Amino acid sequence: MKLRNIILAILSASFCLQAQAITLDEAKAAYSRGDYAEAALALKDAAEKEPRNARLNLMAGVALMRSSRPAEAESFLRKAGAEGRPYLAELAFNEYRFQDCLDILDEHREQAAKSRRGKKRNAEPEPEDEQSAALREKAEMGLSMLDRVEKIAIIDSINVDADEFFKVYRLAQAAGRILSPSSLPSEFKSADNTTVYATENSDHLIWARPDKDENYRLVESSLLADGTWETPVPLGDNLAMGGDSNYPFLMSDGMTLYYASDGEGSLGGLDIFISRRDGTSFLQPTNLGFPYNSPANDYLLAIDEVTGAGWWATDRNAIPGKVTVYVFVPQELRINYPVDDPELAHRARVTSIAATQEKGKDYSAIRNAIASVDSRPQKPRTSFNFGLPGGRVVHTFADFHNPESQALMNRYLTGCRELADTKARLARMRASYGKGDTSLSADILDTEREITDIRARMADIANQIAKAEQ
């Protein structure tokens, strides 16, 4: 036996001995506290010795299921009788067996109705309990979502600590930055668990903060010309859909927003949604569906048009304290798998990332583009540096001697933002041109001339500021 196998066998035996060291009463107490992993093995052993004890089988099945051991849980839940059926339905739901989930719920409702009729003639049918009704709604949603599983190539997956998962996202500067809430100005409040999206030049921020009812809502703020931040403005209550909204990412077009919500329209906990800005507000969001979403939590989808890579995080793989970050190749137009694909559920679950990739296709260019990115976070700018003749440098509007200079500086800073946005647009076009879209050649030349004109205007404004300060 190889040394690695010997070590694994020793560790496994050690774990089993530790788990079995607790008594059945201690296991039941742990179960009552919700410490299912601690209780699972002791309850399993006890239930195996009493296969007709429905209550013990129920506890063993639930503990195993909650400890991410669904394959072991099913047989115990089946022995638990009527009380086990709702958990069997939940088990089927978590495994993307949505029709099985609905069938089990139907059976449970039918058996409950028969039991009531047996006890009382002409008994009125009772409504389905709230938990089963909610699960039924989710299962119907999941069944519908299986009809549109998007065909994407996933080129990598990374298991990382849940607390700092966003640090592995490597985005080109033109795509913006994903930052910790600690990067926010000190006067801004944020949610306990959120990330901050900052634009390329760090003058616009989007993040989640609690409202008066402690629900998470997305807000945004822009850096003003005098170096202060505007009061945060909500992006719109419709984004939350009755739940929390969190983990925003704004595309470089300034209009397309990806974010996570656990409100209505969510299959699991957090699902990834897309919305688009219409004037000053965002339109009704749309669930991105499979494979991005799952019965677990899925969040923070980001697309980098420069590297050609997309990213999203999920805890569907149930690794304690960890999340999985998938790196994928976004499509310009959505293409779904055929609805009669026998592997549809596996594709929705991302059972294998290799199965998502096109045979023989080389993804090294995208991997190399990601590897070349400098992903170090940049702090938002709170002042400016403007050089004047004689070596004098001004950092704030208060540093100017002439009020006219302040008005000119506003125009200069606007030009800075316009230049940054235009350069980012040029970078995206050049990237698309490099991938074969030669129709952009005229637009690239026009944008290069536009950059030259912006720089000329900024140089003229800079000269006017220098004269005003003399």
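Throughout, residue positions are numbered sequentially from 1 according to the sequence presented. None of these values were measured; they are calculated from a predicted model.
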Fill in: Sub-4.5 Å side-chain heavy-atom contact between Val329 and Ile152
no
Fill in: Heavy-atom check, side chain of Arg411 versus side chain of Arg457, under 4.5 Å
no
Worksheet item: Taking the side chain as C-beta and beyond, is there a heavy-atom pair between Met458 and Cys416 under 4.5 Å?
Response: yes
Worksheet item: Measuring from Leu344:CG to Arg148:CZ, what's the distance to the nearest 0.5 Å?
Response: 11.5 Å
Discussion item. Apply side chain to side chain contact (heavy atoms under 4.5 Å, CB included) to residues Arg347 and Thr356 and explain how you reach the verdict.
Written reply: CA-CA 7 Å; Arg347 299 190 190 283; Thr356 70; over 6 Å; no
Discussion item. Nearest 0.5 angstrom please: Ser275 OG to Asn238 CG, how far?
Written reply: 6.5 Å
Worksheet item: Where do Pro291 and Val350 come nearest, in terms of heavy atoms and distance?
Response: CB-CG2, 3.8 Å
Fill in: Donor-acceptor under 3.5 Å (Ser180 side chain, Ser183 main chain)
no
Worksheet item: Which atoms form the tightest heavy-atom contact between Pro181 and Ser190, and what is the distance?
Response: CB-OG, 3.5 Å
Discussion item. Within the 4.5 Å heavy-atom criterion, are Met251 and Tyr258 side-chain neighbours or not?
Written reply: yes
Worksheet item: Any sub-3.5 Å donor-acceptor pair from Asp161's side-chain atoms to Asp163's backbone N or O?
Response: no
Fill in: Option from Leu270, Asn293, Val323 for which side-chain contact (heavy atoms from CB on, under 4.5 Å) with Asp298 holds
Asn293
Fill in: side chain to side chain contact (heavy atoms under 4.5 Å, CB included) assessment of Gln357 paired with Lys361
CA-CA 8 Å; Gln357 299 172 14; Lys361 183 155 186 176; over 6 Å; no
Item to complete: Describe, in one word, how the ring planes of Tyr96 and Phe98 are oriented to each other, choosing from parallel (under 30°), tilted (30 to 60°) and perpendicular (over 60°).
Response: tilted
Worksheet item: Taking atom CD of Glu332 and atom CD of Glu305, what is their separation to the nearest 0.5 Å?
Response: 9.5 Å
Discussion item. Within the 4.5 Å heavy-atom criterion, are Leu300 and Trp312 side-chain neighbours or not?
Written reply: no
Fill in: Residues forming a side-chain hydrogen bond (donor to acceptor under 3.5 Å, both in side chains) with Arg455, sequence neighbours excluded
none
Worksheet item: Using the ring of each side chain (for Trp, its six-membered ring), is Trp311 parallel, tilted or perpendicular to Tyr169, with breaks at 30° and 60°?
Response: parallel
Worksheet item: Do side-chain atoms of Ser294 reach the backbone of Ala296 as a donor and acceptor pair under 3.5 angstrom?
Response: yes
Discussion item. Is there a side-chain contact between Arg430 and Glu448 in this structure, where contact means two heavy atoms from C-beta onward sitting under 4.5 Å apart?
Written reply: yes
Worksheet item: Rounded to the nearest 0.5 Å, how far apart are CG of Asp253 and CZ of Arg276?
Response: 8.0 Å
Worksheet, complete the sentence: Smallest heavy-atom separation, Pro234 atom then Val219 atom, equals CA-CG1, 3.9 Å
Discussion item. For a side chain to side chain contact (heavy atoms under 4.5 Å, CB included) check, start with the C-alpha distance between Leu205 and Trp229, then their side-chain angles and the critical distance, and finish with the verdict.
Written reply: CA-CA 10 Å; Leu205 307 175; Trp229 289 92; 3.7 Å; yes
Item to complete: Carefully, step by step, assess Asp437 and Met429 under the rule side chain to side chain contact (heavy atoms under 4.5 Å, CB included).
Response: CA-CA 9 Å; Asp437 189 357; Met429 286 192 290; over 6 Å; no
Worksheet entry | Nearest-0.5 Å distance that lies between atom CZ in Phe166 and atom OG1 in Thr195 | 7.0 Å
Worksheet item: Can the ring centres of Phe273 and Phe282 be said to be less than 6.0 Å apart?
Response: no
Practice prompt. Without swapping roles, check the side chain of Arg209 against the backbone of Lys189 for a donor-acceptor pair under 3.5 Å.
Written response: no
Fill in: Heavy-atom closest contact (Thr324 atom, Ser157 atom, distance)
CG2-CB, 4.1 Å
Discussion item. Using side chain to side chain donor-acceptor pair (under 3.5 Å), reason through Asp103 and Gln99 one step at a time and then give a plain yes or no.
Written reply: CA-CA 6 Å; Asp103 291 344; Gln99 187 58 60; 3.0 Å; yes
Worksheet item: Which pair of heavy atoms, one from Leu135 and one from Pro86, lies closest together, and at what distance?
Response: CD2-O, 4.2 Å
Discussion item. Looking at Glu140, is its backbone amide N or carbonyl O close enough to the side chain of Ser144 to form a donor-acceptor pair, meaning the two atoms are under 3.5 Å apart?
Written reply: no
Worksheet item: Is there side-chain contact between Asp100 and Glu95, with at least one heavy-atom pair below 4.5 Å?
Response: no
Would you be so kind as to tabulate the donor-acceptor pairs closer than 3.5 Å made by side chains of residues 461-470, with sequence neighbours excluded?
| unit_1 | atom_1 | unit_2 | atom_2 | d |
| --- | --- | --- | --- | --- |
| Asn463 | ND2 | Ala459 | O | 3.3 |
| Gln464 | NE2 | Asp460 | OD2 | 2.9 |
| Glu469 | OE1 | Arg392 | NH1 | 3.1 |
| Glu469 | OE1 | Arg392 | NH2 | 3.1 |
| Glu469 | OE1 | His401 | N | 3.0 |
| Glu469 | OE2 | His401 | N | 3.2 |
| Glu469 | OE2 | Asn402 | N | 3.0 |
| Glu469 | OE2 | Ser405 | OG | 2.7 |

Worksheet item: Step by step, would you call Thr199 with His204 a side chain to side chain donor-acceptor pair (under 3.5 Å)?
Response: CA-CA 6 Å; Thr199 50; His204 188 79; over 6 Å; no
Worksheet item: With no hydrogens and no angle check, is any side-chain donor or acceptor of Asp211 less than 3.5 Å from a backbone partner on Glu214?
Response: yes
Item to complete: Evaluate ring pair (Phe, Tyr, Trp, His ring centres under 6.0 Å) for Tyr197 paired with Phe249, printing each intermediate quantity in order.
Response: CA-CA 6 Å; Tyr197 171 77; Phe249 180 83; 5.1 Å; yes
Discussion item. Pair Asp203, Asn201 - check side chain to side chain donor-acceptor pair (under 3.5 Å), show working.
Written reply: CA-CA 6 Å; Asp203 63 355; Asn201 53 2; 3.3 Å; yes
Practice prompt. Return the minimal non-hydrogen interatomic distance between Thr422 and Ile454, and the atom names on each side.
Written response: OG1-CD1, 3.6 Å
Discussion item. Please check: side-chain N/O of Asp129 versus main-chain N/O of Gln131, any donor-acceptor pairing under 3.5 Å?
Written reply: yes
Practice prompt. Check whether any side-chain heavy atom of Asn287 lies under 4.5 Å from a side-chain heavy atom of Met145, and answer yes or no.
Written response: yes
Item to complete: Assign the ring pair Phe188 / Trp207 to parallel, tilted or perpendicular, where the plane angle (0 to 90°) is split at 30° and 60°.
Response: parallel
Worksheet item: Heavy-atom count around Lys138 NZ within 6.0 Å, excluding the residue itself: above 12?
Response: yes
Practice prompt. May I ask you to decide if Asn193's main-chain N or O and Asn246's side chain share a donor-acceptor pair within less than 3.5 Å?
Written response: yes
Practice prompt. Could you grab the distance from atom OG1 of Thr314 to atom CG of Asp271, nearest 0.5 Å is fine?
Written response: 9.5 Å
Worksheet item: Hey, does the side chain of Arg367 reach the backbone of Asp156 with a donor-acceptor pair shorter than 3.5 angstrom?
Response: no
Worksheet item: Does the ring pair (Phe, Tyr, Trp, His ring centres under 6.0 Å) test come out yes or no for Tyr292 and Phe328, once each step is laid out?
Response: CA-CA 10 Å; Tyr292 308 102; Phe328 69 101; 5.6 Å; yes
Discussion item. Among Arg428, Arg425, Glu200, exactly one meets side chain to side chain donor-acceptor pair (under 3.5 Å) together with Ser252. Which residue is that?
Written reply: Arg428
Practice prompt. Mark yes or no for whether Asp304, through its side chain, and Ala175, through its backbone, hold a donor-acceptor pair below 3.5 Å.
Written response: no
